[in-house]
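Chain letters run A, B, ... following the sequence lines, proteins first and then strands; every chain starts at 1. Nothing here was measured: the structure is a model prediction, and the numbers come from that model.
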Amino acid sequence: MSLAGLLLAWYDANKRELPWRQDKDPYKIWVSEVMLQQTRVEAVKAYFERWLERFPTLEDLAAAAEEEVLHYWQGLGYYSRARNLLKGVREVQAQYNGRIPDTKEKMKTVAGVGDYTAGAIVSIAYNKTATAVDGNVLRVFSRLYCWREDNALSSSKRQITEWVLQNMEVSRPGDYNQAIMDLGATICIPAVPRCSLCPLETVCQARRRGLEQVVPFRRKKMAVKTVRVVAGIVQDGGAFLLRQRPAKGLLAGMWEFPATEIADTETDDFGAYRRMMAEKLGQQVEREGLFWQSRHVFSHRQWDIVFYRCRLIKKGDLPAGKNIVWLEPSAWSRLAFAGPHRQVAEKLEKELQNI
DNA sequence: AATCCGGGGGG
DNA sequence: CCCCCAGGATT
């Protein structure tokens, strides 16, 4: 039997039941594919269900405000995905009258849709012969062909895409693509693959050579920079001071308690914070006590963050613009909080309810 | 080609 | 703890 035959027979018996596999609505496929970018299936499920309750159709999403869209994405990470999805959906609404294109070439021109996502959408929703090469597919095929070069290289991706296409079952392109992903997620996993359960064990060249734990070749990991951050919880009556992060960069556009990065060598962390509050935000604050501290790890950076509860000595005028506001907890629900600030906001809300 | 962009859970 | 995940945009 052909590679695709073995694969699809396995898939038919073992495919995962997932919320976005209930039908082939291209809008739902699109949403799921964007959520799944660099994000595990288990983490996506609940977000996907909530999303579809609020934005059941492409038209509903296209009409939504970005702020609300971000709120429904809060906690999933890579927030540009949400912004680009909204942008892309609006493009399709405007340029294609709300009908999602059925060719990979057209889909790739839409915001937030790259080679992988375009291929996944048209193969799954429209049964078009198109490759969708993600991390799973790279791993599975680099093992099948015992490819000994770094999969991060564009040359590796080009070669593997060619193999994926050569072996494609053209009668079921969507299932073929998803079958490889399911195999990669459950059997052909990164460190120690479960080869004895694999339908492709007999045709896998890495397995034949005993190299299934060596392939794919792993690239060196990047250094993670540690940054100290001080944040303050400043209250005036029932309102707390909140600030929106810049529109570009880390956690773009997300809300947080006013915070500042401080040097490793700084011994008086609150002193640095007090100065920042006075100079940049025009507020005089004093430390009341430690509220919370935590370590937040990003892919390329690490925050060691301390939240101090502050007393407002003298309330000043806030800098012009809408990026910093006094806001009561009842109005927080529509905001998207940045990383660890979300946990602190939830703790504060809980604390206030108990009083 | 290299870097940036989050968060979470598997192993 | 380490790894890396149904990647895309930007430079």
Positive for side chain to side chain contact (heavy atoms under 4.5 Å, CB included) with Phe337(A), one of Gln343(A), Arg342(A), Glu256(A), His71(A):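 Going through Gln343(A), Arg342(A), Glu256(A), His71(A) one by one, the side chain to side chain contact (heavy atoms under 4.5 Å, CB included) with Phe337(A) is satisfied by Arg342(A) alone.
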Look at the side-chain N and O atoms of [X] and state whether any lies under 4.0 Å from the OP1 or OP2 oxygen of [N].
{"X": "Thr117(A)", "N": "dG8(C)", "value": "yes"}
{"X": "Tyr79(A)", "N": "dG7(B)", "value": "yes"}
{"X": "Arg342(A)", "N": "dG7(B)", "value": "no"}
{"X": "Asn136(A)", "N": "dA6(C)", "value": "yes"}
{"X": "Arg295(A)", "N": "dG7(B)", "value": "no"}
{"X": "Gln37(A)", "N": "dG7(C)", "value": "no"}

Using a 4.0 Å heavy-atom cut-off across all strands, classify [X] as base, sugar-phosphate, or nothing.
{"X": "Val113(A)", "result": "sugar-phosphate"}
{"X": "Ile121(A)", "result": "nothing"}
{"X": "Gly75(A)", "result": "sugar-phosphate"}
{"X": "Leu153(A)", "result": "nothing"}
{"X": "Ala132(A)", "result": "nothing"}
{"X": "Ser32(A)", "result": "nothing"}
{"X": "Thr39(A)", "result": "base"}
{"X": "Trp73(A)", "result": "nothing"}

Choose from [options] the nucleotide whose nearest atom is closest to any side-chain atom of [X].
{"X": "Ile189(A)", "options": "dG11(B), dA6(C), dC5(B)", "answer": "dG11(B)"}
{"X": "His296(A)", "options": "dG7(B), dA6(C), dC5(B)", "answer": "dG7(B)"}
{"X": "Arg21(A)", "options": "dG8(B), dA6(C), dG7(C)", "answer": "dA6(C)"}
{"X": "Arg194(A)", "options": "dG7(C), dC4(C), dG11(B)", "answer": "dG11(B)"}
{"X": "Arg16(A)", "options": "dA1(B), dC5(C), dA6(C)", "answer": "dA6(C)"}
{"X": "Ser154(A)", "options": "dC4(C), dG7(C), dA1(B)", "answer": "dA1(B)"}

Rounding to an integer number of Å, can you tell me how far [X] [atom1] sits from [N] [atom2]?
{"X": "Arg40(A)", "N": "dC4(C)", "atom1": "CZ", "atom2": "C1'", "result": "6 Å"}
{"X": "Asp115(A)", "N": "dA6(C)", "atom1": "CG", "atom2": "P", "result": "17 Å"}
{"X": "Leu76(A)", "N": "dG8(B)", "atom1": "CG", "atom2": "P", "result": "9 Å"}
{"X": "Arg139(A)", "N": "dC4(C)", "atom1": "CZ", "atom2": "P", "result": "9 Å"}
{"X": "Lys45(A)", "N": "dG9(B)", "atom1": "NZ", "atom2": "P", "result": "13 Å"}
{"X": "Lys225(A)", "N": "dC4(B)", "atom1": "NZ", "atom2": "C1'", "result": "14 Å"}
{"X": "Leu36(A)", "N": "dA6(C)", "atom1": "CG", "atom2": "C1'", "result": "5 Å"}
{"X": "Glu149(A)", "N": "dA1(B)", "atom1": "CD", "atom2": "P", "result": "12 Å"}

Nearest-nucleotide comparison on DNA chain C, the residue closer to the 5′ end among Asp182(A) and Asn84(A): Asp182(A)
Contact nearer the 5' end of DNA chain C, comparing Gln178(A) with Ala111(A): Gln178(A)
Dot-bracket notation for DNA chain B, counting Watson-Crick and G-U pairs under 3.5 Å, with | for partners on another strand: |||||.|||||
hbond_proxy Arg83(A) side chain to dA9(C) base (donor-acceptor, 3.5 Å cutoff):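 There is none.
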Close aromatic pair by centroid cut-off 6.0 Å: Tyr145(A) and Trp163(A):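 Tyr145(A) vs Trp163(A): aromatic centres under 6.0 Å.
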N/O donor-acceptor pair under 3.5 Å between Tyr27(A) side chain and Ile100(A) backbone: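 No, because the side chain of Tyr27(A) does not come within donor-acceptor range (under 3.5 Å) of the backbone of Ile100(A).
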Side-chain donor/acceptor of Arg81(A) to backbone N/O of Leu76(A), under 3.5 Å: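 Pair found, side chain donor or acceptor close to backbone of Leu76(A).
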Aromatic Tyr47(A) / basic Arg50(A) pairing, under 6.0 angstrom, 45° off normal: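 Ring-cation test returns yes.
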Nearest-nucleotide comparison on DNA chain B, the residue closer to the 5′ end among Glu42(A) and Lys248(A):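 It is Lys248(A) whose nearest nucleotide is closer to the 5' end.
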Residue mapping more 5' on DNA chain B - nearest nucleotide basis, Tyr47(A) or Arg301(A):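 Taking each residue's closest nucleotide, the earlier one in sequence belongs to Arg301(A).
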Rounded distance in Å between the P positions of dA9(C) and dG8(B):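 Going atom to atom, P in each nucleotide, I get 24 Å.
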Nearest-Å distance once atom C1' is located in both dC5(B) and dC5(C):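 Approximately 14 Å lies between the C1' atom of dC5(B) and that of dC5(C).
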Salt bridge flag under 4.0 Å for residues Asp304(A) and Arg295(A):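 Salt bridge between Asp304(A) and Arg295(A), a charged N being under 4.0 Å from a carboxylate O: yes.
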Derivation of the side-chain contact (heavy atoms from CB on, under 4.5 Å) call for Ser2(A) and Asn167(A): CA-CA 8 Å; Ser2(A) 68; Asn167(A) 288 283; over 6 Å; no
Donor-acceptor pair between Arg21(A) and Gln178(A) side chains, under 3.5 angstrom: yes
Any side-chain donor near an acceptor of the partner, Gln37(A) and Tyr116(A), under 3.5 Å: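 Side chains of Gln37(A) and Tyr116(A): no pair found under 3.5 Å.
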Pairing residues for Arg158(A) by the side-chain hydrogen bond (donor to acceptor under 3.5 Å, both in side chains) criterion, not counting sequence neighbours: none
